[in-house]
Each structure stands twice: as C-alpha cells, then as structure tokens.
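Computed from a prediction, not measured in an experiment: that's the story for all the values here.
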Amino acid sequence: MRGFVPGNSIRRRGLYLGMVPEMAAARNSSTPLILDHDLDILPEAGRRMTVAELASHVDDLAGRLWAAGVRPGERIVIYKAANFDVWMLATAAARIAAVPVMLSHTLDGATVGALLGLLDQPRLLADAHKLDALAEVPVTDLTAGVISATGSRPGTVSLTGLAGSPRVEPVFQGLDEPVMITHTSGTTGLPKLVVHTPRSFRVRLKPQFFLLSLMRKRETVAIHIPFGHSRMVGAMSVCLSKAMPVLLVREPDPDQVAGFFVKHRPGLIEALPNSFMAWEELAGDPRKPFASVKYFSSTFDAIHPRTINRLLASSERRFPLFYQIYGQSEVGPAIGRPYFRRFARPTEGRCVGYPMAGGPRIRVVSRNGKRPSKENPGFIDVRGEHVAKTYFGERERFDANLHDGWWRMGDVGYHGRFGCLHLLDREVDMIPGVGSSLEVEDVVMSRLGELSELVVVLGPESEPIPVICTSEDQPLDRDRWRAAVADFPQLADPVQIPLAELPRTATLKVRRNELSRLLREQTVKRT
C-alpha cells in the first residue's frame, strides 16, 4: 500500500490511521508541522518537523511498540499528558494493527481503573505522572503489561529503552474491524468506549473533503482539540492528505495563543467551542491574532452566536467564514452551517445546520405522538455508515440507542421552516418551564458582554438556576442582569462562581449534572 494518493485511497479503502503520515509524505514530504510544545517521547524532534520526518517518527515508534510485544488486534491504552505525541503513539499502534484506546489525561485514576476492567486485559502505555495517578488501581491485575512512555520504572517496559528497534511493515485490519477506541465525555456517568473502524472513519471524512474543496487556496491550519479525540483523527487526516501546513496548539492560554498565531498566521482554525469563547477577548487585541483567518471551524457542540460574531469581526480577510458542525463521537460530523460576517445575527444559535454532502441522514422523531416543534421538540436521530461499531464491553448499552437502524443522539430539537435543524437541549438536561436552556444562554450571553460563561441547570427545588462566570471574575451588575433576563421570568436568581471552578469534560463541555449536584450540596454561593 505504499505510494498511495492519499485522498483517493482514503475514500476507496477506508481510513487506516497507521498509514496517514506515510501517505501524506508520499504526496508532499516537505509539508510543515509546527508545535507550540515539546514532545515528551521525542524531545529531540523539536517544535518543527516535515511530514516526512513525522512519518519516520511514527515508523520508529511502531517498531518500538512491536519490540515491546504489542501485536495486531491487541488493545493498547494510551494515558498520558496532553501532547501531540498522543496522536503519534496512536498512529504507531495502528500501523501494526494494534487498537489504540485513547483515554484523556483529565480522567482520574478510579475512572481509568474502571475502563481498564472493561477492556479485558489491555496493555497500558502511560507516563510517570499518570502511573502515579493509578497508584491505588490494581494495574498488574487489569492489564497484560505496562509500557512506560517516558523514562523507566520497575515492572514496566521502557519505550525510551527501545529506541533503535527494527522497523516493521504495516499491518492492516478489515474495513469493519476495530481501528481505534475513544471515550465519550462522561457527562452522565462512566465514559463509554466507542469503537471506530476504517470504514466509519473514512465516511466521516467525506463532508470534510467537500468543505475543503470550496477553499480557493491552501491555507495553514491551526488545530486546538484534544490530541486523543476521534475528531483529531479526521482533522489530521484531511490536513495531511491535502498537504496543508499544520499548527498544533496545546496551550489554551489566550496570550500564548495570540503570540503563536501572530508568528505563524493561520488561515483556518479548528478549535473547541469553549476554546473560542475563551479567545473572544483576543478579538480586540492590538496584535490582531485572527487577522489572517479566513475560516473558523468548530465541532462537538453548538457555539454562542456572540462568540461567532466577535471572531468574524476580528478577521481582516475578505468574506471570512465561521463553519459550525454539530456531531458526536459515535457518529462524527452530522450537520453544519456557515456564518458570514454580514449575515450572522446575534440570536440564531439554535439553528445548528443542514445535512452535509457525504454526511449521515438526519431525522427528528416525536416523543409523544405530536409533530416535533419548538414547543414540542423531538428526538434527533442519525443513520449511516458514520455510526461507530459498538461500545466496547457494553454491546447492549450501544444497541439500546439504536431505533430501527437509527442512532439516537440524546438531544432534542425540531426542523425549522427552511429545513435547518434546531437543537434545543440534551434530553437529560431539559428543565420544566424552560423551552431551551441553550437558547436562554445564547440570548443572555449576547446581551451581557461581561459574561464569560452562562449555564442554566436544574436547582435543588427543580427551579432553573443560571450559573454565571464573568470576565476576570468581576462582580455581576444586578441591574444589568435583571434587564438582560426580563424575557425569562422563570429563571431563579443567578449563582456566580469563578470560571476555573466549572466542572468540565475533556472537550471542555460543562458537566451540567455535576453542577446541579454542587448546587444541591450548597457548595457555591449565590451572588
């Protein structure tokens, strides 16, 4: 399979993660990747490399993993500090047809221990810090062996000590065999382990290739999403196959981000919705870090219209575009919609998009026999080869979410007059008397520029409580608040907490159930 033409090969044969760097190098070996951090496992590699060098590093790591005893079909858990080498290790494991299991560095030891138990004797690849976090977990009993990502430790195989191991030829799975396992956000309990295949990854790239085909020229792409997330697979695969220079952003701090973007001037940025929210303040930065950006892209969740408007206004490119994608780990990108600077209205955030070329089919199903509408939202379902294979170790839990072949997203909404899908809430987060918590949040955020976050959750008495965070944690102006929420008399008095205290997932989603629990325990103070 050497010498592929990357894009065509992915479409025809499936996305084999282990071959992505080599395929990209065959197309354009000099395409640059620039990092804002050093690699833990290869510190000598520096912060700039070509795609050819990336392919060589992945080949080297695959040889080390083979020397460590990792074999095709085996599951290997990757649990280490956030770093681009997380993606590199996953790619190296996939190159020898092992199945990388990507566990976020934000998961605690107890959760990781529970997931190790579900995985039926996987190998574990972890750094020293994460091995310390597992001190109370019976790792020896739960795994088939431990590989130390950095340094050495008794009872483990040192990845560093295997430098120089013989290179091995790539091994390929079938189109519908596991190629990677990632986990869900865990907002409602123990994360689920999502099994992806070459076929499901391949079809998820179709709408992304279509969107890139609309670009008039090659742009430098900045990526700021979790390195172990399934979305990272798609983002890197598309960028590398199109020979686009890539900026890999680990540090979320706005000041560091501004300096990195000013130096390297991206034309496209893909980031988490909450990262874009945190970077809103840079819209007025005199360094103009977004001046070069023609395209902004956000997936995972809907994003506040205020954020979209500020970012688009900060670009100095002609006709900048913000593309919002609604999706889920289990299905990838589902629908999307563009926003343009002249036409982005301040309160249209619930219309999350339309089916994309090559994307899955979408439907909205009634919850009570009545036609879905804004006042009576229905279940949002998707269907297609995009849906993941299963939840590892929890087949029944996965099948329970299938309805006549349609995957239930867990969200509720309706189709608008012109076909746009309106997302109102997660089903589990619906609050009696509130049509859409997300809509309330969009509207109030657009009215109060001093808010850095607003989350409406169920309070101790089943009342809708707005939990707010302000810029630099400044006290909330009560008069401005009352004016802003005059349209929403059902809201209780707000609770203000520091932004850093919001419970979040690895993709920065607010854990609403946990926030409700904190309110019940009265661990936050009302303003």
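- A salt bridge does not link Glu219 with Lys294: every distance from a Lys NZ or Arg NE/NH1/NH2 to an Asp or Glu carboxylate oxygen is 4.0 Å or more.
- The pair Lys509-Glu453 does not meet the salt-bridge criterion, since no charged nitrogen lies less than 4.0 angstrom from a carboxylate oxygen.
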*Could you go through the side-chain hydrogen bond (donor to acceptor under 3.5 Å, both in side chains) check for Glu330 and Tyr391 one step at a time?*
CA-CA 9 Å; Glu330 290 90 337; Tyr391 291 144; 2.6 Å; yes
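- Proximity of a side-chain donor or acceptor of Tyr16 to a complementary backbone N or O of Val179 within less than 3.5 Å is not detected.
- Using a 4.5 Å heavy-atom cutoff, the side chains of Pro191 and Leu107 are in contact.
- A salt bridge links Arg447 to Asp487: one of the charged nitrogens lies within less than 4.0 Å of a carboxylate oxygen.
- Distance NZ/Lys192 to OG1/Thr390: 12.0 Å, rounded to 0.5 Å.
- Of the charged side-chain nitrogens involved, none lies within less than 4.0 Å of a carboxylate oxygen, so that Arg310 and Glu281 do not count as a salt-bridged pair.
- Residues Ser237 and Leu205 meet the side-chain proximity criterion, which asks for heavy atoms closer than 4.5 Å.
- Sparse packing is recorded around CG of Asp404, with 12 or fewer heavy atoms of other residues, nucleotides or ligands lying under 6.0 Å away.
- Of all the heavy atoms in Gly435 and Leu424, the pair that sits closest is O-CD1, 4.2 Å.
- Applying ring pair (Phe, Tyr, Trp, His ring centres under 6.0 Å) to Phe322 and the options Phe276, Phe340, Phe290, Tyr295 leaves one that passes, Phe276.
- Here side chain to side chain donor-acceptor pair (under 3.5 Å) pairs that include residues 99-108, with residues two or more places apart or in two chains, are Ser104-Thr106, Asp108-Thr111.
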*asked:* Please determine whether side chain to side chain contact (heavy atoms under 4.5 Å, CB included) holds for the pair Glu463 and Ile465, giving the CA-CA distance in whole Å, both sets of side-chain angles, and the decisive distance to 0.1 Å.
replied: CA-CA 6 Å; Glu463 76 278 32; Ile465 294 183; 3.5 Å; yes
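- Atom CZ in Arg417 sits 14.0 Å away from atom SG in Cys420 (nearest 0.5 Å).
- Taking the side chain as every heavy atom from C-beta outward, Asp255 and Arg287 approach each other to under 4.5 Å.
- Trp481 places a side-chain heavy atom less than 4.5 Å from the side chain of Ile468.
- Minimum heavy-atom separation, Tyr354 to Ile335: O-CB, 3.3 Å.
- For CD of Glu396, the number of neighbouring non-hydrogen atoms (other residues, nucleotides, ligands) closer than 6.0 Å is 12 at most.
- Applying the ring-ring contact (aromatic ring centres under 6.0 Å, His included) rule to Phe392 yields no partners; only residues at least two apart in sequence or on another chain are considered.
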*Begin with the C-alpha distance, continue with both residues' side-chain angles, and end with the deciding distance and a verdict on side chain to side chain contact (heavy atoms under 4.5 Å, CB included) for Phe209 and Ser241.*
CA-CA 10 Å; Phe209 277 121; Ser241 74; 3.3 Å; yes
*Tell me, with the steps shown, if Glu280 and Arg306 meet salt bridge (Lys or Arg N to Asp or Glu O under 4.0 Å).*
CA-CA 9 Å; Glu280 275 186 52; Arg306 187 191 77 182; 3.1 Å; yes
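- Pairs of residues two or more places apart, or lying in two chains, never qualify as disulfide (SG to SG under 2.5 Å) while including a residue from residues 454-509.
- Nearest heavy atoms, Ser315 versus Pro320: OG-CB, 3.6 Å.
- The residues Asp425 and Arg350 are annotated as not salt-bridged, no charged nitrogen and carboxylate oxygen being separated by less than 4.0 angstrom.
- A donor-acceptor distance shorter than 3.5 angstrom exists from the side chain of Arg317 to the backbone of Ser292, with no hydrogens or angles considered.
- Without hydrogens or angle criteria, Gln496 side chain to Leu476 main chain gives a donor-acceptor distance under 3.5 Å.
- Checked against side-chain contact (heavy atoms from CB on, under 4.5 Å), Arg367 has the following partners two or more places apart in sequence or in another chain: Asn376, Pro377, Phe379, Val412, Met430.
- With rounding to the nearest 0.5 angstrom, the CG atom of Leu103 is 9.0 Å from the CD1 atom of Ile78.
- The ring of His386 has its center no closer than 6.0 angstrom to the ring center of Phe201.
- Rounded to the nearest 0.5 angstrom, Ile362 CD1 and Met356 CE are separated by 8.5 Å.
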*Should Arg520 and Glu461 be marked as a salt bridge (Lys or Arg N to Asp or Glu O under 4.0 Å) after you check the CA-CA gap, both sets of side-chain angles, and the distance that decides it?*
CA-CA 9 Å; Arg520 290 195 300 271; Glu461 305 298 326; over 6 Å; no
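- Using a 4.0 Å cut-off between a side-chain N of Lys or Arg and a carboxylate O of Asp or Glu, Asp36 and Arg250 do not qualify as a salt bridge.
- With rounding to the nearest 0.5 Å, the separation of NZ in Lys389 from CD1 in Ile181 is 11.5 Å.
- Residues Asp285 and Ala258 come closest through the heavy atom pair OD2-CB, 4.5 Å.
- If you check the side chains of Ser471 and Glu450, you find no donor sitting under 3.5 Å from an acceptor.
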*Taking it one step at a time, do Thr197 and Glu177 satisfy side-chain hydrogen bond (donor to acceptor under 3.5 Å, both in side chains)?*
CA-CA 6 Å; Thr197 69; Glu177 294 180 8; over 6 Å; no
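- A heavy-atom distance below 4.5 Å is not found between the side chains of Leu268 and Val293.
- The nearest pair of heavy atoms linking Val364 to Gly413 is CG1-O, 3.3 Å.
- Every residue meeting the ring-ring contact (aromatic ring centres under 6.0 Å, His included) condition with His264, not counting sequence neighbours, appears here in chain and number order: Phe260.
- Between Trp87 and His229, the distance separating the two ring centers is not shorter than 6.0 angstrom.
- With rounding to the nearest 0.5 Å, the separation of CD in Gln173 from CG in Leu17 is 9.0 Å.
- Asp253 places a side-chain N or O within donor-acceptor distance of the main-chain N or O of Gln256, the cut-off being under 3.5 Å.
- By the side-chain contact (heavy atoms from CB on, under 4.5 Å) test, Ala388 is found to be paired with Val194, His196, Arg204, residues two or more places apart in sequence or in another chain being considered.
- Looking only at side-chain heavy atoms (C-beta outward), Met102 and Pro100 come within less than 4.5 Å of each other.
- When all heavy atoms of Val249 and Phe227 are compared, the closest pair comes out as O-CZ, 4.0 Å.
- Looking at Glu441 and His304, their side chains come closer than 4.5 Å, going by heavy atoms from C-beta outward.
- Inter-residue side-chain proximity for Asn401 and Phe398 is flagged as unmet; no heavy-atom pair is nearer than 4.5 Å.
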*Would you please test Asn368 and Ser366 for side-chain hydrogen bond (donor to acceptor under 3.5 Å, both in side chains) and show each step?*
CA-CA 6 Å; Asn368 53 14; Ser366 175; 3.3 Å; yes
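- In this structure, the side chain of Arg337 does not engage the main chain of Val352 through any donor-acceptor pair within 3.5 Å.
- There is a side-chain donor-acceptor pair under 3.5 Å between Tyr326 and Asp411.
- Each of Val456, Leu519, Leu454 was evaluated against Val467; a single residue qualifies, Leu519, per the side-chain contact (heavy atoms from CB on, under 4.5 Å) test.
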